Amino acid sequence: MSCIKQIFSIKPRINVGAAFASCRRFHAELVRHESSGLPIVHHSKYVCELSPTHRFPMGKFPRVLHFLIKDQVITEKQVWVPEIASKDLLSCVHTEDYLNNFINGTINEQEQRRTGFPWSEGIVRRCRYETGGTVLAAEVALQRGMACSTAGGTHHAFPSYGSGFCLLNDLAVAAKYLMGISSPKRKVLIVDLDVHQGDGTAFIFKEEPCVFTFSVHCGKNFPLRKQQSDLDVSVEDGLEDKEFLSTVEAHLPCLLETFRPDLVLYDAGVDPHWEDELGRLRLTDQGLYQRDLYVMKTVVSRGVPVAAVIGGGYSRDIDKLALRHSIVHRAATQVWRECGM
Ligand SMILES: [Zn+2]
């Protein structure tokens, strides 16, 4: 069996884990009282209408779930459905003016151009569900050790404006929300391996000692003007699997030992892939799989929960792209199984 086939043939373990009937789930419409495998967070409203010529591959979100079920990586019983993120929840990161303009459609044209999307009610709803999904994935990961959404990773959104296809910063909202409901504050490590720097997230947490932002990105890629993460590793164009993995290996264990997070939020963007339309690196499917496996194994083996989001990925071939995004769920399934969760 080829390596690629191995990636796409991981099956779930049956009846894993113990029941967590006492879980407090603030953002789930659906409450599950028994463990049914790796929690996958998904909402049918992660997607909205866009013009067919728009370059953002909106159709990928439902297809990620489709392939996970079709390939028997997961069953429908593993799917957790998030609630829409309330304005109140979003205000822990975003300014009131921005939220009012964003929700009510009074964003001016220049601001819309910066986001890459024409404003619509659908896009607002989609982004709010996506953010609710990341918050739920983080909550469930704290209870069960791991969870993966089928969207999320909108790391270019700043408190008062959207940018680069990112309108709400789901990672920042999830981190702030979890810090806000615990005392003492939980510590969150954000591991952002999308090909683009997580500039919005870095900006939001630059003065926050309880959140550590770690970004590995292609230096010549968007955004032109980088922010300062707690740890930035800027890599050159054309980087391949082995070098990318050694870059992550050189930093992640040390960060886990020194920062000692209570939770890791993992942005598993697939845009470092060699075929990606916006990436400039040379990772393969196998390289992405090894990267995701390494990150989640390294985190979970230290007893730290991890919530993963899919991050960026750009291709006109939606099914090929959705399969690529499903690599993180396949790797997570292997970690879930091997770690006996
Ligand atoms: Zn990206």
Side-chain angles (χ1 to χ4, degrees), residues 46 50 54-61 64 114-117 123 126-127 130-131 133-134 148-158 161-172 174 190-204 213-227 229 231-241 244 247-248 265-285 287-289 291-292 295 307-318 320-329:
Y46 278 174
L50 268 188
H54 198 286
R55 79 184 306 189
F56 185 81
M58 186 61 81
K60 68 186 182 180
F61 302 105
V64 173
R114 180 156 56 181
T115 69
F117 292 120
I123 198 98
R126 174 207 118 54
C127 295
E130 179 177 51
T131 302
T134 303
C148 300
S149 184
T150 55
T154 45
H155 56 177
H156 300 308
F158 283 71
Y161 61 92
S163 171
F165 299 141
C166 302
L167 293 154
L168 299 171
N169 196 311
D170 64 316
L171 294 163
I190 299 177
V191 176
D192 189 337
L193 303 186
D194 187 282
V195 81
H196 305 101
Q197 193 210 26
D199 55 341
T201 323
F203 176 86
I204 291 162
T213 51
F214 169 40
S215 176
V216 178
H217 50 265
C218 175
K220 291 202 181 117
N221 216 322
F222 178 90
L224 198 59
R225 182 170 162 245
K226 307 284 191 288
Q227 298 291 324
S229 310
L231 177 59
D232 282 305
V233 181
S234 172
V235 302
E236 298 295 323
D237 288 18
L239 197 78
E240 298 188 350
D241 292 342
F244 192 97
T247 305
V248 181
L265 293 177
Y266 175 39
D267 183 334
V270 297
D271 44 16
H273 194 273
W274 69 275
E275 276 186 308
D276 192 88
E277 286 174 10
L278 301 183
R280 301 164 75 113
L281 305 187
R282 302 278 307 158
L283 270 65
T284 62
D285 286 348
L288 289 172
Y289 188 78
R291 176 197 73 167
D292 294 347
V295 169
V309 295
I310 69 169
Y314 304 91
S315 169
R316 276 164 225 285
D317 187 334
I318 294 293
K320 204 172 188 183
L321 179 61
L323 267 171
R324 199 176 294 156
H325 275 301
S326 76
I327 287 173
V328 66
H329 310 85

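Since this is a predicted model, take the numbers as computed values, not measurements. Note that ligands are numbered from 1 as they come in the structure, with each ligand's atoms numbered from 1 the same way. Position 1 is the first residue of the sequence; numbering continues from there.
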Asker: To the nearest 10°, how many degrees is the angle Asp194 OD2 to the Zn ion (ligand 1) to His196 ND1?
Answerer: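 Value, to the nearest 10 degrees: 150°.
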
Asker: How long is the span from the CG atom in Asp271 to the OG atom in Ser315, to the nearest 0.5 Å?
Answerer: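 Between atom CG of Asp271 and atom OG of Ser315 there are 12.0 Å.
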
Asker: Under the 3.5 angstrom rule, does the side chain of Arg126 hit a backbone N or O of Met58 as a donor-acceptor pair?
Answerer: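 The answer is no, because no donor-acceptor pair under 3.5 Å joins these two groups.
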
Asker: Once you round to the nearest 0.5 Å, how far does OG1 of Thr150 lie from NZ of Lys60?
Answerer: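 Nearest 0.5 Å value for the OG1-NZ distance: 11.0 Å.
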
Asker: So, is His155 placed with an N/O/S atom under 2.8 Å from the Zn ion (ligand 1), counting both backbone and side chain?
Answerer: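 No, His155 does not qualify, because none of its backbone or side-chain N, O or S atoms lies under 2.8 Å.
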
Asker: Within the 4.5 Å heavy-atom criterion, are Arg55 and Leu278 side-chain neighbours or not?
Answerer: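 Yes, close enough: below the 4.5 Å cut-off.
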
Asker: Could you check which N/O/S atom of Asp271 is closest to the Zn ion (ligand 1)?
Answerer: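 This residue's closest N, O or S atom turns out to be OD2.
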
